[in-house]
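One structure below.
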Amino acid sequence: MPMDTSASDVILRVEDLHKRYGKDEVLKGVSLELRRGQTKVIIGPSGTGKSTLLRCINQLSVPDKGRVWLEDVEITQPRTNINQARAQIGFVFQDFNLFAHLTALDNVALGLVKVRKMPKRDALVRANEELARVGLAEKVGSYPAELSGGQKQRVSIARALAMDPKLILFDEPTSALDPELIGEVLEVMIQLARGGMTMIVVSHEMGFARAVADRIIFMEGGVILEEGTPAELFTCPRCERTGQFLRKITELYGETNGR
Amino acid sequence: MNYFEFVGMILPRLLRATVVTLELTAIGVGSGFVLGLFLALTRVYTHRVLSGIANVYIQFFRATPLVVQTLIIYFGLPPYFRAIGLRPMSPFVAACVALGLNSAAYQAEYLRGAIQAIPSGQMLAARSMGMTKAQAVRSVILPQALRIVLPSWSNELIYTLLYSSVAYFVTLEDLTFASMKIAAKYFRAFDAYSAAAILYLVIVILLSRLLAYVEARLRIPGLSVDDRAR
């Protein structure tokens, strides 16, 4: 595949990623591209490599083969400073992974102080702003164990936002939440997408996908089976499997949560 | 001379010896913590060879008696020390080294358990923000692991205080050895030993109080079981 760096608004380029865990080949050659401000939603049955793909993008898992570029920096290059690259890629986990010993405020400020080397006072100001942006101005002093699942996930989104990332990867951000808490998290994500944030979201929230996804990617068996706009995929998917999966998911989850 | 007059007479000597006991405890636990933390981090975060060496160290010191370790250090090593031109250790230094090396092995295991009890996702989250492994360990893992380890660490502190009586084997006059000498000199074994026992007891009670206070101060809101829970 030729490398075209002239398309300057390409934020992320993934080329032919392969990843194997023991005997299982989880990714069998995945390529994708993300432009500034784009939101792509990845759907697909469990165990098809969606989470692995996200982790291979920021090298939390090291891919066996394939390359990843963040703008014109190849992060799969061993000489690239991976910590610098990761600082520009937000990551939101399914189970939040907040730092249990820190308040919401300090959770958000930690990366600014340690990675961005920002003075503590400025970091706290910024952390306050980000928590207000996700609707948690009242909760800055709370510890993770004192927050609901939806609040925890919003703190973790604020933590990612504070770093001024070039894009954010969401790994099933609502899957660990009670149904009534999903909405508040999706609402924040919809705001972000509409505000021009560049995002890849692994999620089965079809309402959300329909509302903000520029493209939906259907993955199965370690490869991308189909990619298209929500309208294309929902109305007449080219692949039989994509249609089947979408009908099943819509039946199971409904579309009520996103708006 | 009744019991209290006798104890009053020997008390100054016992208190001087108590200072030695406290010094041994502080130095033993302190140096054991530094070395133990290093061993625990090596066990958890390095690969086979280094981790294996740390493991051998831990197993050796946990599988042999502290007394034997102390005898090796004080009586066994001096010829080798002289061979390389070093002066043999004084009784005090030898006792500190033995206690420190021994306590390190136990503290390493407590710390390893505590580090591994921190959900691995927090390390992932820290790394995903661009923190180095060392930064993540320092700012995320250790602050939590040290809180978790505190109760077992309190035990270790008390054990080290009590085991510092190995000072006897290197002829260092700590609280235990002082009471032995007094018992032999005045033929009043019960009086001398019970006085020593009471002093140990008082120190342990004070230390436990202090540690319980520290534990309460460092508690993470919402994380621990409610004090009033049944």
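Proteins get letters first, then strands, A, B, ... in listed order; numbering begins at 1 in each.
- Taking both residues in full, the closest heavy atoms of Pro221(B) and Ala145(A) are given as O-CB, 4.0 Å, listed atom of the first, atom of the second, then distance.
- The stretch residues 82-96 of chain A places Asn83(A), Arg86(A), Ala87(A), Ile89(A), Phe91(A), Phe93(A) near chain B, each with some heavy atom under 4.5 Å from a heavy atom of that chain.
- More than 12 heavy atoms of other residues, nucleotides or ligands shown are found within 6.0 angstrom of CD on Gln116(B).
- Of all heavy-atom pairs spanning Ala125(B) and Phe99(A), the tightest one is CB-CE2, 4.1 Å.
- Only the side chain of Gln135(B) comes within contact range of chain A, judged by heavy atoms closer than 4.5 Å.
- Remark: Tyr200(B) OH is packed, more than 12 non-hydrogen atoms of other residues, nucleotides or ligands lying under 6.0 Å away.
- Remark: Phe75(B) engages no residue in a ring pair (Phe, Tyr, Trp, His ring centres under 6.0 Å) (not counting sequence neighbours).
- Nearest heavy atom pair, residue Ala100(A) against residue Gln144(B), reads CB-OE1, 3.4 Å.
- Atom OH of Tyr168(B) has 12 or fewer neighbouring heavy atoms from other residues, nucleotides or ligands inside a 6.0 Å radius.
- To the nearest 0.5 Å, atom CG of residue Asn97(A) and atom CZ of residue Arg127(B) are 14.5 Å apart.
- Within residues 105-131 of chain A, the residues that have a heavy atom under 4.5 Å from a heavy atom of chain B are Leu110(A), Gly111(A), Lys114(A), Val115(A), Lys117(A), listed by number.
- Residues of residues 148-159 of chain A placed with any heavy atom under 4.5 Å of a heavy atom in chain B are listed by number as Arg159(A).
- Of the possible donor and acceptor atoms, none in the side chain of His101(A) sits under 3.5 Å from a partner among the backbone N and O of Ala145(B).
- Using a 4.5 Å cut-off between heavy atoms, Leu169(A) does not touch chain B at all.
- Heavy-atom neighbours of Tyr21(A) OH from other residues, nucleotides or ligands within 6.0 Å: above the threshold of 12.
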